[in-house]
Amino acid sequence: KQIDSARYKDAIKILEKAVKKNPEMTAAYNKLAFCKMQIKDYKGAQKDLQQSLKLAPDNEECLKYLGRAMFYDAKYPEAKSLYDSALKLAPDDCELLVYTAELKVLGKDVKGAVASLDEALFLKPNYAPALLKRGILKYEMGEYNYAIKDITDGFKETKDTSYNSEAYQARAKAYFEVGNYKS
């Protein structure tokens, strides 16, 4: 309930008690790491996820989120290695495909990133994070009409109501480039 209410620090206290009582509770380590990532304690999240991996080495979710914590901590080679391991266990994980696309963009492999996003959208055609990221990349590639479509579709599908300025800016600039100044 505390996690659902975004009271991550309170949830951490309870989860820490849980792992003291049962140090082999991988789910608690994973939830601890999730909470710590929300408060931007990436090193703490990494520690919890590494403990979880010791207990369950083939846990795809744990590999994925440890990779995510590494990504946020700018440990890109480690993130790539963990994402690759997770993809071997779950090649159809759309969220993981979006994460790998972000990493490819950092490595200047925009076409590879678009291919990862295309794969995610093949598996789940209305997956908002993939649509929004692909739309931004399409704008950067000069494919303005595709950018407008992807970003607009992504906004229709997203349940995340937080402000995504990068996507809004890319769509506005794409509209400008195609001469639709009013939009």
Side-chain angles (χ1 to χ4, degrees), residues 3 8-9 11-12 15-16 19 23-124 127-143 147 150-151 154 158 160 162 164-167 169-170:
I3 291 172
Y8 303 114
K9 290 181 181 180
I12 288 170
L15 290 164
E16 285 175 342
V19 295
E24 296 190 14
M25 184 184 259
T26 57
Y29 286 111
N30 293 343
K31 293 284 186 191
L32 262 170
F34 173 80
C35 291
K36 289 178 180 177
M37 286 176 67
Q38 301 310 305
I39 62 171
K40 299 185 181 357
D41 176 10
Y42 304 121
K43 291 191 186 333
Q46 291 169 32
K47 182 180 163 218
D48 291 330
L49 289 165
Q50 287 166 338
Q51 182 61 35
S52 180
L53 272 180
K54 285 180 188 175
L55 300 169
D58 287 339
N59 183 327
E60 178 266 335
E61 291 280 316
C62 189
L63 288 165
K64 173 174 64 174
Y65 293 122
L66 180 55
R68 196 69 179 154
M70 295 288 189
F71 176 85
Y72 284 135
D73 204 20
K75 296 178 181 175
Y76 304 124
E78 295 90 339
K80 182 184 181 328
S81 175
L82 289 159
Y83 288 164
D84 290 345
S85 296
L87 275 171
K88 288 177 186 170
L89 297 171
D92 295 347
D93 185 328
C94 294
E95 182 180 43
L96 183 55
L97 290 166
V98 170
Y99 292 168
T100 60
E102 290 176 339
L103 200 53
K104 288 176 182 179
V105 169
L106 285 176
K108 307 292 186 214
D109 180 12
V110 175
K111 288 184 181 180
V114 171
S116 291
L117 296 169
D118 287 344
E119 186 176 346
L121 289 165
F122 176 77
L123 296 167
K124 192 173 180 181
Y127 188 53
L131 285 166
L132 292 169
K133 292 208 182 300
R134 188 174 72 178
I136 292 167
L137 291 176
K138 290 289 185 177
Y139 165 74
E140 291 171 3
M141 297 168 71
E143 298 178 18
D150 279 350
I151 294 170
T158 190
D160 181 7
S162 64
N164 187 333
S165 65
E166 184 181 18
Q169 288 176 2

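A salt bridge links Glu102 and Arg68; the closest N-O separation between the charged side-chain nitrogens and carboxylate oxygens is under 4.0 Å.
Nearest heavy atoms, Leu49 versus Cys62: O-SG, 3.3 Å. Minimum heavy-atom separation, Met25 to Val19: O-CG1, 4.3 Å. Contact between Glu60 and Ala86 at its shortest, heavy atoms only, is CG-O, 3.6 Å. Between Asp150 and Gly135, the shortest heavy-atom distance links the atoms CB-CA, 3.6 Å. Smallest separation of non-hydrogen atoms from Ala147 and Tyr139: CB-N, 3.5 Å. Of all the heavy atoms in Leu132 and Ala167, the pair that sits closest is CD2-CB, 4.2 Å.
Contact annotation: the side chain of Ile151 never approaches that of Leu131 to less than 4.5 Å [non-hydrogen atoms, C-beta and beyond]. You'll find the side chain of Cys35 reaches within 4.5 Å of the side chain of Leu15, heavy atoms only. The shortest distance between side-chain heavy atoms of Leu82 and Lys64 does not fall below 4.5 Å. For the pair Ile39/Ile12, a side-chain contact is recorded, criterion being any heavy-atom separation below 4.5 Å from C-beta on. Looking only at side-chain heavy atoms (C-beta outward), Glu61 and Asp93 come within less than 4.5 Å of each other.
Between the side chain of Tyr29 and the backbone N or O of Pro23 there is at least one donor-acceptor pair closer than 3.5 Å.
For Leu87, the side chain to side chain contact (heavy atoms under 4.5 Å, CB included) criterion is met by Leu96, Leu97, Thr100, not counting sequence neighbours.
Around CD of Glu24, the count of heavy atoms belonging to other residues, nucleotides or ligands within 6.0 Å does not exceed 12. By the 6.0 Å contact criterion, OH on Tyr76 is enclosed, its count of non-hydrogen atoms from other residues, nucleotides or ligands being greater than 12. At most 12 non-hydrogen atoms from other residues, nucleotides or ligands lie less than 6.0 angstrom from CD of Glu166. Within 6.0 Å of NZ in Lys31 there are 12 or fewer heavy atoms belonging to other residues, nucleotides or ligands.
A distance of 12.0 Å separates NZ in Lys104 from OH in Tyr83, rounded to the nearest 0.5 Å. Between atom CD of residue Glu143 and atom CG of residue Leu137 there is a gap of 10.0 Å, rounded to the nearest 0.5 Å. In this structure, Glu16 CD and Asp48 CG are separated by 7.5 Å, a value rounded to the nearest 0.5 Å. Taking CD of Gln46 as the start and CE of Met37 as the end, the distance is 9.0 Å to the nearest 0.5 Å. In this structure, OH in Tyr127 is found 9.5 Å from OG1 in Thr158, a value given to the nearest 0.5 Å. Atom OG of Ser116 and atom CG of Asp109 lie 8.0 Å apart (nearest 0.5 Å).
Centroid-to-centroid, the aromatic rings of Tyr65 and Phe34 stay 6.0 Å apart or farther.
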*Going through the checks in order, is the side-chain contact (heavy atoms from CB on, under 4.5 Å) test met by Val114 and Met141?*
CA-CA 10 Å; Val114 171; Met141 297 168 71; 3.8 Å; yes
*Go through the steps to decide whether Asp73 and Glu78 satisfy the test side-chain contact (heavy atoms from CB on, under 4.5 Å), and finish with yes or no.*
CA-CA 10 Å; Asp73 204 20; Glu78 295 90 339; over 6 Å; no
*Apply salt bridge (charged side-chain N to carboxylate O under 4.0 Å, His left out) to Asp84 and Lys88, showing your working.*
CA-CA 6 Å; Asp84 290 345; Lys88 288 177 186 170; over 6 Å; no
*For ring pair (Phe, Tyr, Trp, His ring centres under 6.0 Å), just list the numbers for Phe71 and Tyr99, CA-CA rounded to whole Å, side-chain angles, deciding distance to a tenth of an Å, and then say yes or no.*
CA-CA 9 Å; Phe71 176 85; Tyr99 292 168; 7.9 Å; no
